[in-house]
Amino acid sequence: MTKIISGSELASSLEKSLPGSVTDSNEVDVWVSPDSLFEVCEALKNPKGLDFSYLTSISAVDYIDSFELVYHVLSMRNNYSGVIKCRCSSDGNGRGEPTVPSVTGIWKGADLQEREIWDLMGIKFDGHPNLKRILLWEGFDGHPLRKDYLG
Amino acid sequence: MNYLPGFIDFYTLYDFCLTLFQNFGFGDNAEWLSYLTAGVIISFIVINLMILSTAFYTWFERRVLGRFQVRRGPNRNGPFGIFQPFADVVKLIMKEDTIPTEADRPVFTLAPIALVAPTLLIMTVIPMGESSFLGSLNIGILFIVGVTSVNSIAIFMAGWGSRNKYAILGSMRGAAMLISYEIPMALGITSVLLMSGSLAMTSIVSSQDIWFIVVMPLGFFVFMAAATAEISRTPFDQIEAESELGSGYNTEFSGIKFAILFLAEFMAPIVTAAVVATLFLGGTKGFDPIPGQIWFVLKMFVVIFVLLWFRATWPRLRVDQIMGFAWKGLFGLGILNIFIVAIEIMIFRTEEGTVGTSNMLIMSAINWVIAVVTLLTLMRIYGQKKLERPIPVPSPLANMGVEAD
Amino acid sequence: MTGIRTEPITINLGPQHPSTHGVFRLRVTFDGEEIIDAEPVFGYLHRGTEKLAETRNYVQIVTLTDRMDYLASMSNNLAYVRTVEKLANIEVPERAQYIRVISAELQRIASHLMATGFLLNDLGALATPLVYCFRERERILDLFEMLCGARITLSYMRPGGVFQDAPEDFWPSLESLVGDLPHYLDELESLITSNEIVLARTKNVGLLTDEQAIDNSISGPNLRASGVKWDLRKADPYEIYDRVKFDVPIGAIGDTFDRYLVRILEMRESVKIIEQCLEQIAPGPIRANTPFFIRPPAGEAYSAVEGPKGELGFYMVSDGGVAPYRCKVRAPSFINITPLRDMLKGWKMGDLIIIFGSIDIVLGEVDR
């Protein structure tokens, strides 16, 4: 069975290597700040540390007061998985087009998924090599997966 | 050897017309008039014969492919679906004949005609009875080699004239491939010429006391492979390459132009089968009481079936592999075959320069041994089967944590 | 000799093209026949499944999942209902789990048959292997028709089980199919696996190393063809996969041939799994007592199954209502085309088609 690394475990190990990166954690989840996302992911992938070599998926959820990015990561060598979350918003109301660092430099598999999130949810990824719309056409107005998008 | 009566060749027709016109008092004009009349009649016969047999052939091809692919094939129009080709042709003719705005109109329009004409011309020198439609043309085989080269130009015209990227890619491939495969084809033919000692198709047939496929299997292999490439059938199906280029050189064609391209394309296997049957399978030779023409048609059918077999079962080679096969494989084999045949003829020939039947049998034995050994060796060297699949080793990057059971 | 001036040529391969397996477009730049750049362009089949899911209740969404990977509806159903069960803590009866595994494995065989057939079609084999693959797939679809009345868009599974038990005559038909499948596969392999031209075309073409595959989040047969022994059915057994014995076939170097061979071997393993399920299955209920309007407690769940194309996962967030707050699909076909550009560079036009074909994507899932 794939072991699930709990949020508190992840938080304590991240606090050790990157102090101040974890904003919140509970038994299940761990939230990191958008600014330190790239460093956190780098630390997660480090084969000497947690060895999360495989990025399973990136999801984005619109919680109206903020956006949340959910990174499901997996260590194939040790068969355990973890979840990293990141809350982001660019204005006081949790709207706008927030910018988070792209993790394509760490996991190439994030390439298309980040483009999809930009397309449908409107979260910009800083440092993505080719951040264009992917499922919708260039010039499409709005980001349809947002809760305030009126189709 | 008996033949079915009623076969007309150009010169008998010419003589007939000449006497006719002279009797009707055309005087000096009789000569050119009879040339013209005989030519028109022969063209009419050849074109209609070929178009009808192509129509029948498309039906045959689709039925045979259906058999290969565990399905039935066309079986609705007429008995066994035999009228299906006519329905297809009517459909194609009724379609709109479009020309792309950016196309090179004259080149685009001429391409189908340039493609279909040489194929028809070849048929005039194939001896289907005692002689061919053009009589016993004494340079018959050279005529074939020359006329088939026009194909590559026609295909290039079609691709270039369409101003379509797929079409130009297909015709570029086509030009390169057709020109390359003409050389092994000519080499295969040369060995036949050495054996028969004549360029005329009729004497090539008459010299085959033992079929040349038996005497020189290597030559047959080279010629057959090259001919398959010349008509761009799988595994050499690079010009159309349906799964890669959409439809290749004929992407932009529609209506009657497409019908003519289609006709030329499906006529090619018939013509190839006729040439193969003449050069290697003894042409009209057989035994009584079955007439020679029937023998010829039977042999053609066997060759056509083999070509269809290739088509139904083999995937396509890549473009560089095809060129490699021509230059590295067939070219060498063709040269080797000529070399061996030439030496054997030097040894076995009689005073008149021909080889007797018993000596031909000895030659066959030697050539079969050489052919089998060469082909097996080459398969060992170039074949893919020698590339044994390495035993898969699980990557150290993953560990599922369960005992493999 | 001075070089002849040449220009690269850009071709839009698709969206209408015989070998793009749907409405997929590849903007490829060729130098002659050689690929110097390739960019996938898609979204022509985008239907907004994730947005639609937010306005439907949990049972209705099953029909949406059918239409994602339309060649493997059962696997989509399974992945979805498992996530809902995880979200709402629903226990599934054992018989239902067996039926679900049997149908998912049948679906895997059907999907791999399509992948193999179309790969050979892309190789230029003029539909002959394809028709043979379809012949076997037809029998599987007939079985699905017995199960639920549909053949492609099945909607057979429900949160908590399956919507009806298999009819009596399903079991003998399944047994005869399971008996025939190994022979079918032998026949297919005798046509393809040792074919000289297939070997020449596919060996060492389109290499994807294990590191590359993991880095690019590749999953499924493509990952295993690269030598990575990773299968969710073994690594994280769901349903009753821990009770059946099967092997995880892997490829040697990760070329196109390995991707083909892994699929063939996986079909054989699937047959084994079905055989064991047939021995183990016992009568019992087939659906947990769930209401039509499931209201899972507020929370979130991620659950994945090993689909025919790869790891098919659903990430669902519930706010306690009848419809999910967010339903995100981790679509394997979508993520598997990430390394396409690296894999294609330097190969020829003919290789492009087979490398792309060997990745085996379904546009319904890529675009969702």
Side-chain angles (χ1 to χ4, degrees), chain A residues 1-4 28-29 45 52-64 67-68 70-81 83 85 104-117 119-121 129-130 132-138 140 143-147 149 151, chain C residues 39-55 210-219 223 228-230 232 234-238 242 299-300 302 304 311-317 319 325-332 334-342 366-368:
Chain A
M1 279 306 252
T2 306
K3 201 178 128 208
I4 296 164
V28 193
D29 304 311
K45 203 196 174 183
F52 282 118
S53 55
Y54 189 89
L55 175 72
T56 308
S57 82
I58 310 176
S59 318
V61 188
D62 179 5
Y63 281 113
I64 302 181
F67 295 101
E68 189 173 86
V70 186
Y71 292 77
H72 287 89
V73 285
L74 175 75
S75 169
M76 282 193 168
R77 211 176 333 224
N78 308 313
N79 198 0
Y80 53 63
S81 65
V83 185
K85 293 186 174 181
T104 36
I106 303 166
W107 296 292
K108 267 191 201 155
D111 185 346
L112 294 182
Q113 304 188 50
E114 284 183 349
R115 279 178 70 186
E116 190 196 349
I117 290 171
D119 189 2
L120 300 179
M121 199 60 102
N130 185 21
K132 291 196 293 187
R133 284 192 179 267
I134 187 166
L135 294 177
L136 303 167
W137 59 96
E138 286 296 332
F140 186 87
H143 302 285
L145 270 185
R146 291 184 167 196
K147 287 288 175 185
Y149 179 84
Chain C
E39 190 197 353
V41 182
F42 44 88
Y44 298 94
L45 208 60
H46 180 57
R47 292 153 295 180
T49 307
E50 292 175 11
K51 186 77 177 173
L52 287 174
E54 290 172 11
T55 61
D210 49 355
E211 280 170 21
Q212 255 183 316
I214 290 178
D215 196 26
N216 283 297
S217 300
I218 300 292
S219 54
L223 178 69
V228 185
K229 201 163 184 172
W230 184 264
L232 282 180
K234 275 248 194 261
D236 189 11
Y238 52 92
D242 47 353
E300 56 177 60
Y302 176 82
E311 177 177 346
L312 177 64
F314 278 78
Y315 173 73
M316 296 182 79
V317 181
D319 57 356
Y325 185 74
R326 174 85 168 90
C327 172
K328 141 98 188 169
V329 190
R330 188 229 187 258
F334 175 68
I335 296 170
N336 281 355
I337 51 177
T338 313
L340 193 61
R341 184 184 169 147
D342 298 333
V366 173
D367 295 343
R368 276 161 289 147

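Throughout, protein chains are lettered first and strands after them, A, B, ... in sequence-line order, and every chain is numbered starting at 1. Everything numeric here is computed off the predicted structure, so don't read it as measured data.
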TODO: Could you tell me whether the side chain of Asn216(C) reaches within less than 4.5 Å of the side chain of Asn336(C), counting heavy atoms only?
DONE: no

Open item on the list: Would you compute the distance between atom CG of Asp215(C) and atom CG of Leu55(A) and round it to the nearest 0.5 angstrom?
Closed with: 9.5 Å

Task: Part of Arg77(A) within contact of chain C (heavy atom distance under 4.5 Å) - done: neither

Task: Choice from Lys132(A), Lys85(A), Lys3(A) maximising heavy atom contacts with chain C below 4.5 Å - done: Lys85(A)

Task: Ile58(A), part contacting chain C, at a heavy-atom distance under 4.5 Å - done: backbone

Task: Residues that Tyr71(A) engages under ring-ring contact (aromatic ring centres under 6.0 Å, His included), provided they are two or more places apart - done: none

Open item on the list: Using heavy-atom distances under 4.5 Å, tell me whether Glu50(C) contacts chain A through its side chain, its backbone, both, or neither.
Closed with: both

TODO: Select one option (side chain, backbone, both, neither) describing which atoms of Glu211(C) are under 4.5 Å from chain A's heavy atoms.
DONE: neither

Open item on the list: Less than 4.5 Å to any heavy atom of chain C: does that hold for the side chain of Thr104(A), its backbone, both, or neither?
Closed with: neither

- [ ] Using the salt bridge (Lys or Arg N to Asp or Glu O under 4.0 Å) rule, take Glu300(C) and Arg326(C) through it: C-alpha gap first, then chi angles, then the decisive distance, then the call.
- [x] CA-CA 9 Å; Glu300(C) 56 177 60; Arg326(C) 174 85 168 90; over 6 Å; no

TODO: Heavy-atom pairs under 4.5 Å with chain C are the metric here; pick the option from Leu74(A), Asp111(A), Asn130(A), Ile106(A) that has the most.
DONE: Leu74(A)

Task: Gln113(A) side chain near Ser57(A) side chain, heavy-atom distance below 4.5 Å - done: yes

- [ ] Just jot down the side-chain contact (heavy atoms from CB on, under 4.5 Å) partners of Val41(C), sequence neighbours excluded, or say none.
- [x] Arg25(C), Arg27(C), Tyr44(C)

Open item on the list: Using heavy-atom distances under 4.5 Å, tell me whether Ile218(C) contacts chain A through its side chain, its backbone, both, or neither.
Closed with: backbone

Task: Engaged part of Val70(A) at the chain C interface, taking heavy atoms whose separation is under 4.5 Å - done: side chain

TODO: Indicate yes or no: at least one non-hydrogen side-chain atom of Lys45(A) is less than 4.5 angstrom from one of Val73(A).
DONE: no

Open item on the list: Is Gln212(C) in contact with chain A via its backbone, its side chain, both, or neither, using a 4.5 Å heavy-atom distance?
Closed with: neither

- [ ] Using non-hydrogen atoms and a 4.5 Å limit, figure out which bit of Leu340(C) sits close to chain A: side chain, backbone, both or neither.
- [x] neither

Task: Side-chain heavy atoms of Tyr54(A) within contact of Glu311(C), under 4.5 Å - done: yes

Open item on the list: Looking at Ile134(A), is its backbone amide N or carbonyl O close enough to the side chain of Asp119(A) to form a donor-acceptor pair, meaning the two atoms are under 3.5 Å apart?
Closed with: yes

Task: Side chain proximity check, Phe67(A) to Arg146(A), heavy atoms < 4.5 angstrom - done: yes

TODO: Pick one of side chain, backbone, both or neither for Phe42(C), based on which atoms fall under 4.5 Å of a heavy atom in chain A.
DONE: both

TODO: Name the region of Asp342(C), side chain, backbone, both or neither, that has any atom closer than 4.5 Å to a heavy atom of chain A.
DONE: side chain

Open item on the list: Can you tell me which portion of Phe334(C) sits under 4.5 Å from chain A's heavy atoms? Options are side chain, backbone, both or neither.
Closed with: both

- [ ] Identify which part of Lys51(C) has an atom lying under 4.5 Å from any heavy atom of chain A, answering side chain, backbone, both or neither.
- [x] both

